[in-house]
Amino acid sequence: MKTTPRRSPRSLLQGLCALAAGLAMSGALAQAETNPNLNAQLLVAARQGDQKAVERVLAQGAVIESRNRVGKTALLIACEKGDLPLAELLMRHGAQIATPSLEGVTPLIAASYAGNAELVKRLLAAGAPSAPTDRMNKSAAYYAAGLGHAAVVEALLASGIDIDQLDEHHLTLLMWAAGQGHPEVVKLLLAHGAKTELRDDRGLTALEIARQTQQPAAAGVLMAATAAK
């Protein structure tokens with residue numbers, strides 16, 4: 001009968017060391033796939049707008065959906081900067097177009113805030129939802145209207161957003177544009193059928209808000225629209 005030779009303590013130790021080395025190698029390979037240093041480099045490169053560095057670290061294994069401590073991805077950072085070429089590069093590499101930060105800011109909200117209409121159009125064409133709101137309960141359209149980014153508002157309207165959507169205080173896009181003094185956006189919204197008679201939770205219309213905030217140009221546009229009805 002053939003017996004299996006007994007292994008000495010030394011050979012057992014060598015085997016355990018080999019096993020540990022193998023596990024360590026496996027762990028190193030796994031870490032290389034999600035290397036936190038590479039991920040950090042990706043986010044820094046995005047912040048700097050360095051496309052070559054972004055390409056390099058992605059090729060080295062950086063995870064494209066990596067986030068910084070406030071939950072921003074490389075795509076969100078690019079959209080905050082209004083950097084269309086970088087955003088397109090990241091989307092070609094598979095970046096998720098709707099991943100929000102911890103504050104609920106999506107790439108579309110960030111691009112709308114930045115006022116880059118072409119980037120907004122690109123995100124919408126890729127399927128970015130326009131409805132999500134951030135922790136302030138504001139959608140992309142509210143920021144575009146409130147900041148006077150008429151081309152962005154027009155792109156969002158073309159995507160089919162609700163022109164008379166209400167925020168938590170029952171403020172409409174028209175009220176935001178009027179209250180912040182953006183007559184061109186007011187004209188645009190009126191041309192697309194925005195209602196002038198709606199009231200916020202204080203009972204104020206867009207015209208009354210424009211007067212209250214001392215925005216004569218916006219108030220003038222609204223007065224003319226009301227008189228024409």
Side-chain angles (χ1 to χ4, degrees), residues 70-72 76 79-82 97-125 127-229:
V70 293
K72 295 179 182 179
L76 180 51
C79 290
E80 284 182 330
K81 295 164 60 65
I97 57 174
T99 303
S101 70
L102 297 182
E103 294 185 333
V105 176
T106 64
L108 185 64
I109 290 174
S112 297
Y113 188 95
N116 190 319
E118 291 306 311
L119 178 51
V120 167
K121 291 176 184 177
R122 178 69 180 83
L123 290 165
L124 289 169
S130 58
T133 58
D134 63 10
R135 69 179 181 87
M136 302 299 291
N137 294 316
K138 299 292 184 292
S139 67
Y142 279 103
Y143 288 108
L147 291 168
H149 300 319
V152 174
V153 173
E154 190 162 19
L156 291 167
L157 288 172
S159 75
I161 64 169
D162 178 4
I163 196 170
D164 292 315
Q165 58 188 273
L166 304 175
D167 70 6
E168 61 183 338
H169 296 295
H170 288 193
L171 291 163
T172 64
L173 302 179
L174 185 63
M175 293 173 189
W176 268 89
Q180 295 299 316
H182 301 300
E184 292 306 314
V185 177
V186 170
K187 290 178 184 178
L188 176 64
L189 291 168
L190 290 172
H192 281 79
K195 296 177 181 178
T196 58
E197 68 273 16
L198 297 178
R199 297 180 181 274
D200 67 9
D201 60 4
R202 300 166 298 173
L204 301 177
T205 64
L207 174 57
E208 290 166 342
I209 290 172
R211 287 171 172 167
Q212 186 182 76
T213 55
Q214 300 181 11
Q215 303 294 346
V221 172
L222 287 163
M223 288 175 65
T226 303
K229 287 185 176 181

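In this chain, numbering begins with 1 at the start of the sequence shown.
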If you look at every heavy atom in [X] and [Y], which pair is closest and at what distance?
{"X": "Ser139", "Y": "Gln165", "answer": "OG-OE1, 3.0 Å"}
{"X": "Leu76", "Y": "Thr106", "answer": "CD1-O, 3.5 Å"}
{"X": "Ala114", "Y": "Glu80", "answer": "CB-O, 3.6 Å"}
{"X": "Leu174", "Y": "Val186", "answer": "CD1-CG1, 3.8 Å"}
{"X": "Ala155", "Y": "Val120", "answer": "CB-CG1, 4.2 Å"}
{"X": "Ile161", "Y": "Ala141", "answer": "CD1-CB, 3.7 Å"}

Next item on the list: Check the pair Leu207, Thr196 against side-chain contact (heavy atoms from CB on, under 4.5 Å), reporting the backbone distance first and the verdict last.
Entry: CA-CA 8 Å; Leu207 174 57; Thr196 58; over 6 Å; no
Notebook entry, point to check: For Leu204 and Arg199, what are the C-alpha separation, side-chain angles and deciding distance, and is it a side-chain contact (heavy atoms from CB on, under 4.5 Å)?
Noted result: CA-CA 5 Å; Leu204 301 177; Arg199 297 180 181 274; 5.8 Å; no
How long is the gap from [atom1] on [X] to [atom2] on [Y], to the nearest 0.5 Å?
{"X": "Arg122", "Y": "Cys79", "atom1": "CZ", "atom2": "SG", "value": "10.5 Å"}
{"X": "Asn137", "Y": "Leu166", "atom1": "CG", "atom2": "CG", "value": "12.5 Å"}
{"X": "Leu108", "Y": "Ile97", "atom1": "CG", "atom2": "CD1", "value": "9.0 Å"}
{"X": "Leu157", "Y": "Leu189", "atom1": "CG", "atom2": "CG", "value": "6.0 Å"}
{"X": "Met175", "Y": "Lys195", "atom1": "CE", "atom2": "NZ", "value": "11.5 Å"}
{"X": "Asp164", "Y": "Leu173", "atom1": "CG", "atom2": "CG", "value": "8.0 Å"}

Donor-acceptor check, side chain of [X] to backbone of [Y], threshold 3.5 angstrom: yes or no?
{"X": "His149", "Y": "Tyr113", "value": "yes"}
{"X": "Thr213", "Y": "Gly179", "value": "yes"}
{"X": "Tyr142", "Y": "Leu171", "value": "yes"}

Next item on the list: Could you please spell out the steps behind the side-chain contact (heavy atoms from CB on, under 4.5 Å) verdict for Thr205 and Thr226?
Entry: CA-CA 11 Å; Thr205 64; Thr226 303; over 6 Å; no
Check: In terms of side-chain heavy atoms, does Asp201 have a donor or acceptor partner in His170 at a distance below 3.5 Å?
Finding: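 Short answer, no.
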Margin query: With a 4.0 Å cut-off on N to O distance, would you call Arg211 and Glu208 a salt bridge?
Written below: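 Salt bridge: no.
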Notebook entry, point to check: Is Glu168 atom CD crowded by more than 12 heavy atoms from other residues, nucleotides or ligands, each under 6.0 Å away?
Noted result: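 Counting other residues, nucleotides and ligands, CD of Glu168 exceeds 12 neighbours.
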Checklist line | Non-hydrogen side-chain atoms of Leu124 and Leu156 separated by less than 4.5 Å | finding: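 The answer is yes, as the side chains (C-beta and beyond) meet within the 4.5 Å cut-off.
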Item checked: Non-hydrogen side-chain atoms of Asp200 and Asp167 separated by less than 4.5 Å ->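 Sidechains of Asp167 and Asp200: no contact.
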Next item on the list: Output, in order, the C-alpha distance, side-chain angles, deciding distance and verdict of side-chain contact (heavy atoms from CB on, under 4.5 Å) for Glu103 and Val70.
Entry: CA-CA 8 Å; Glu103 294 185 333; Val70 293; over 6 Å; no
